[in-house]
Amino acid sequence: MMVRAAPPTEVDGNDFEALYAAHFHNLTVQLYAYAGDMGQAQELVQEAFCRAFSRWKQISTYDDPVAWVRKVAWNLATSRWRKARTAATFLRKHREQHVSAPSPDRVALAAALAKLPEKHRGAVVLHYLADMPVTEIALVLGAAEGTVKSWLHRGRAALATHLTEQES
């Protein structure tokens with residue numbers, strides 16, 4: 001004997017409308033208590049019902065379709081919360097940090113360095129600020145070690161002149 005499956009029943013759109021009307025408010029109140037924002041709660045419940053509507057043929061066969069809608073709404077709320085937390089963490093890590101104003105000595109040094117020729121300035125910065133030896137500076141700048149020593153000597157002399165001029 002061959003058993004045939006029952007033909008699929010037509011889904012009644014009125015069932016969905018009745019479910020929506022009966023449970024939208026209660027689910028919204030639940031999500032409001034969870035999310036703390038009425039507008040967001042309404043959006044989440046609305047989205048859950050939209051997803052239920054698109055799958056209504058299957059969801060209408062569940063013992064408790066409202067449980068499915070509730071679960072989807074809660075999952076959406078949790079997902080939104082996680083995204084907001086991730087965004088807040090990102091912003092916290094990449095927040096512009098306020099640095100105190102440079103000291104007058106630092107301003108004077110920067111101004112004096114700006115007056116040096118490019119090669120001299122590069123040698124002085126790499127030697128004194130990057131703490132590089134002459135041999136490494138020669139490699140970085142593509143010059144002979146004697147040339148780098150000359151640039152350092154001339155750069156120090158020019159800095160001394162520029163810095164003593166600013167003091168007077």
Side-chain angles (χ1 to χ4, degrees), residues 20 23-56 58-59 66-168:
Y20 182 88
H23 297 283
F24 181 82
H25 179 72
N26 288 339
L27 291 174
T28 301
V29 169
Q30 292 169 20
L31 266 291
Y32 171 62
Y34 179 64
D37 181 330
M38 181 57 86
Q40 184 179 9
Q42 289 171 335
E43 273 183 44
L44 294 168
V45 173
Q46 185 68 34
E47 176 64 23
F49 271 110
C50 286
R51 292 181 183 192
F53 183 72
S54 67
R55 298 167 177 85
W56 186 242
Q58 178 185 359
I59 293 170
V66 176
W68 187 92
V69 174
R70 181 182 303 109
K71 179 70 174 171
V72 169
W74 279 79
N75 287 346
L76 289 168
T78 302
S79 179
R80 245 188 220 185
W81 179 79
R82 283 184 186 136
K83 286 177 185 174
R85 184 182 63 186
T86 301
T89 301
F90 176 82
L91 289 174
R92 203 172 29 255
K93 287 181 180 178
H94 294 87
R95 180 179 15 203
E96 182 178 323
Q97 296 191 9
H98 299 284
V99 179
S100 60
S103 68
D105 289 342
R106 187 177 189 133
V107 172
L109 178 61
L113 281 169
K115 293 178 183 177
L116 294 180
E118 183 182 342
K119 302 265 184 190
H120 298 174
R121 182 174 56 244
V124 168
V125 167
L126 291 174
H127 188 68
Y128 291 102
L129 297 179
D131 201 27
M132 291 174 71
V134 172
T135 54
E136 285 184 42
I137 297 170
L139 289 172
V140 169
L141 298 180
E145 288 183 33
T147 306
V148 171
K149 288 177 185 178
S150 172
W151 291 342
L152 282 171
H153 175 73
R154 290 178 187 163
R156 283 189 296 259
L159 276 177
T161 304
H162 294 310
L163 291 172
T164 54
E165 287 174 359
Q166 291 180 356
E167 286 179 4
S168 33

Undergrad: List for me each residue that meets side chain to side chain donor-acceptor pair (under 3.5 Å) alongside Gln30, sequence neighbours excluded, and say none if there are none.
TA: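 In terms of side chain to side chain donor-acceptor pair (under 3.5 Å), with neighbours along the sequence ignored, Gln30 is linked to Arg70.
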Undergrad: Does a sphere of radius 6.0 Å around NZ in Lys71 hold more than 12 heavy atoms from other residues, nucleotides or ligands, not counting ones at 6.0 Å or beyond?
TA: no
Undergrad: What donor-acceptor contacts under 3.5 angstrom involve side-chain atoms of residues 81-94, with partners at least two apart or in another chain?
TA:
{"from": "Thr86", "atom 1": "OG1", "to": "Arg82", "atom 2": "O", "distance (Å)": "2.9"}
{"from": "Thr89", "atom 1": "OG1", "to": "Arg85", "atom 2": "O", "distance (Å)": "2.9"}
{"from": "Thr89", "atom 1": "OG1", "to": "Arg92", "atom 2": "NH2", "distance (Å)": "3.3"}
{"from": "His94", "atom 1": "ND1", "to": "Phe90", "atom 2": "O", "distance (Å)": "2.9"}

Undergrad: Tabulate below the donor-acceptor pairs under 3.5 Å that side-chain atoms of residues 141-151 make, not counting sequence neighbours, or state none.
TA:
none

Undergrad: Please list, chain by chain and in numerical order, all residues satisfying side chain to side chain contact (heavy atoms under 4.5 Å, CB included) with Pro117, sequence neighbours excluded.
TA: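 With neighbours one apart ignored, the set is His120.
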Undergrad: So, using side chain to side chain contact (heavy atoms under 4.5 Å, CB included) as the criterion, who are the partners of Tyr32 when residues are at least two apart?
TA: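 By the side chain to side chain contact (heavy atoms under 4.5 Å, CB included) rule, Tyr32 matches Met38, Ala41.
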Undergrad: If the plane angle is over 60° it's perpendicular, under 30° parallel, otherwise tilted; pick one for Phe49 and Tyr20.
TA: perpendicular
Undergrad: OG1 of Thr164 to CG of Leu159: how many Å apart, nearest 0.5 Å?
TA: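 Thr164 atom OG1 to Leu159 atom CG measures 10.5 Å (nearest 0.5 Å).
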Undergrad: Locate the shortest heavy-atom distance separating Gly155 from Leu116; write the atom from each residue and the value.
TA: O-CD2, 3.9 Å
Undergrad: Excluding sequence neighbours, so at least two apart, what forms salt bridge (charged side-chain N to carboxylate O under 4.0 Å, His left out) with Glu136?
TA: none
Undergrad: Considering residues at least two apart in sequence or located in another chain, which fulfil the side chain to side chain contact (heavy atoms under 4.5 Å, CB included) criterion with Ser100?
TA: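 Once residues adjacent in sequence are excluded, Ser100 has no partner under the side chain to side chain contact (heavy atoms under 4.5 Å, CB included) criterion.
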Undergrad: Just list the side-chain donor-acceptor pairs under 3.5 Å for residues 124-135, sequence neighbours left out, or say none.
TA:
{"from": "His127", "atom 1": "ND1", "to": "Met132", "atom 2": "O", "distance (Å)": "3.0"}
{"from": "Tyr128", "atom 1": "OH", "to": "Arg156", "atom 2": "NH1", "distance (Å)": "2.7"}

Undergrad: Listed by chain and number, what are the side chain to side chain donor-acceptor pair (under 3.5 Å) partners of Glu43, not counting sequence neighbours?
TA: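 Side chain to side chain donor-acceptor pair (under 3.5 Å) list for Glu43, sorted by chain: Arg80.
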Undergrad: With sequence neighbours left out, write down each residue that passes side chain to side chain donor-acceptor pair (under 3.5 Å) with Thr161, or none if nothing qualifies.
TA: none
Undergrad: Can you name the residues that form a side chain to side chain contact (heavy atoms under 4.5 Å, CB included) with Ala114, not counting sequence neighbours?
TA: none
Undergrad: Report the residues that fulfil salt bridge (charged side-chain N to carboxylate O under 4.0 Å, His left out) with Arg51, sequence neighbours left out, ordered by chain and then residue number.
TA: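 Counting only residues at least two positions away or on another chain, Arg51 forms a salt bridge (charged side-chain N to carboxylate O under 4.0 Å, His left out) with Glu47.
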